[in-house]
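Let me begin by presenting the structure, written as structure tokens, before commenting on it.
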Amino acid sequence: MSLQLPVCIERYIQIANSGTPEAVPECFAADAVVRDEGQTYEGVAAIKNWMAATKRKYGHTVTPLELAERGGRSVLKARLAGSFPGSPITVNFNFVVAADKIRSLAIG
């Protein structure tokens, strides 16, 4: 069974797994916000830097497991594997999507 993801979320997974943060504008809105590991990143430039730094630090991959819609959010449960203690882990990626772009992402 194949998991059907919104195009922008599918593209986010591809970018995260391939380590190509220069492609961030393809899936994130210009004023998007990302919250990860207690930090907040606002705007495409900050999100590109966050994605590049995170990939260098953890060498991680994201494998989608299931998607649910909850209160205007797309909640993606995914397996996160990389060079960090306890790998692999299951994490929720909480997306807010509008006009085919990610407006916000909270990982936890």
Side-chain angles (χ1 to χ4, degrees):
M1 180 177 83
S2 177
L3 186 60
Q4 291 291 347
L5 300 175
V7 171
C8 60
I9 295 175
E10 185 170 324
R11 186 66 183 126
Y12 165 79
I13 301 296
Q14 292 168 348
I15 293 166
N17 287 341
S18 65
T20 54
E22 63 276 4
V24 160
E26 294 176 20
C27 60
F28 281 93
D31 60 348
V33 175
V34 171
R35 291 175 182 81
D36 183 37
E37 296 185 303
Q39 300 293 315
T40 300
Y41 307 91
E42 297 183 34
V44 169
I47 293 169
K48 283 182 189 179
N49 291 338
W50 161 74
M51 287 189 86
T54 302
K55 191 67 167 182
R56 279 192 307 274
K57 184 175 181 181
Y58 299 119
H60 64 286
T61 57
V62 180
T63 304
L65 301 173
E66 62 185 60
L67 182 69
E69 296 297 324
R70 293 189 197 126
R73 293 185 176 272
S74 298
V75 180
L76 177 67
K77 182 192 283 187
R79 185 175 64 247
L80 193 60
S83 58
F84 53 86
S87 177
I89 59 174
T90 300
V91 176
N92 284 334
F93 290 76
N94 294 277
F95 294 93
V96 173
V97 174
D100 297 324
K101 295 281 186 169
I102 298 166
R103 304 282 306 157
S104 72
L105 168 59
I107 302 171

Is there a path of hydrophobic side-chain contacts, each under 4.5 Å between heavy atoms of I/L/V/M/F/W/Y residues, joining [Y] to [X]?
X   : Y    : value
V97 : L67  : yes
V91 : L65  : no
L5  : V96  : no
V7  : V62  : no
V44 : I102 : yes

Testing the basics here: between [X] and [Y], what is the closest heavy-atom pair and its distance to 0.1 Å?
X   : Y   : answer
A32 : F28 : CB-CD2, 3.7 Å
A16 : K55 : O-NZ, 3.1 Å
E69 : S74 : OE2-OG, 2.9 Å

What distance do [X] atom [atom1] and [Y] atom [atom2] have between them, rounded to the nearest 0.5 Å?
X   : Y    : atom1 : atom2 : result
N94 : R70  : CG    : CZ    : 8.0 Å
C27 : D100 : SG    : CG    : 12.0 Å
E26 : Q14  : CD    : CD    : 9.0 Å

Margin query: So M51 and T20, do their side chains get closer than 4.5 Å, heavy atoms only?
Written below: no

**Asked** Hey, are the side chains of Y12 and L105 touching, using non-hydrogen atoms and a 4.5 Å cut-off?
**Response** yes

Spell out, as yes or no, whether a donor-acceptor pair under 3.5 Å connects the side chain of [X] to the backbone of [Y].
X    : Y   : answer
K101 : P25 : yes
S87  : G82 : yes
T90  : A78 : no

- Kindly indicate, with the supporting measurements, whether the criterion side chain to side chain contact (heavy atoms under 4.5 Å, CB included) is fulfilled by S104 and R73. CA-CA 9 Å; S104 72; R73 293 185 176 272; 4.1 Å; yes

Evaluate the criterion side chain to side chain contact (heavy atoms under 4.5 Å, CB included) for residue pair R103 and D31; output intermediate values, then yes/no.
CA-CA 7 Å; R103 304 282 306 157; D31 60 348; 2.7 Å; yes

Side chain to side chain donor-acceptor pair (under 3.5 Å) pairs touching residues 40-52, sequence neighbours excluded, are D36-W50, W50-T54

I would like to know whether L80 and Y58 meet side chain to side chain contact (heavy atoms under 4.5 Å, CB included); could you show each step before the answer?
CA-CA 10 Å; L80 193 60; Y58 299 119; over 6 Å; no

(message) Over 60° means perpendicular and under 30° means parallel, so tell me whether F95 and F93 are parallel, tilted or perpendicular.
(response) parallel

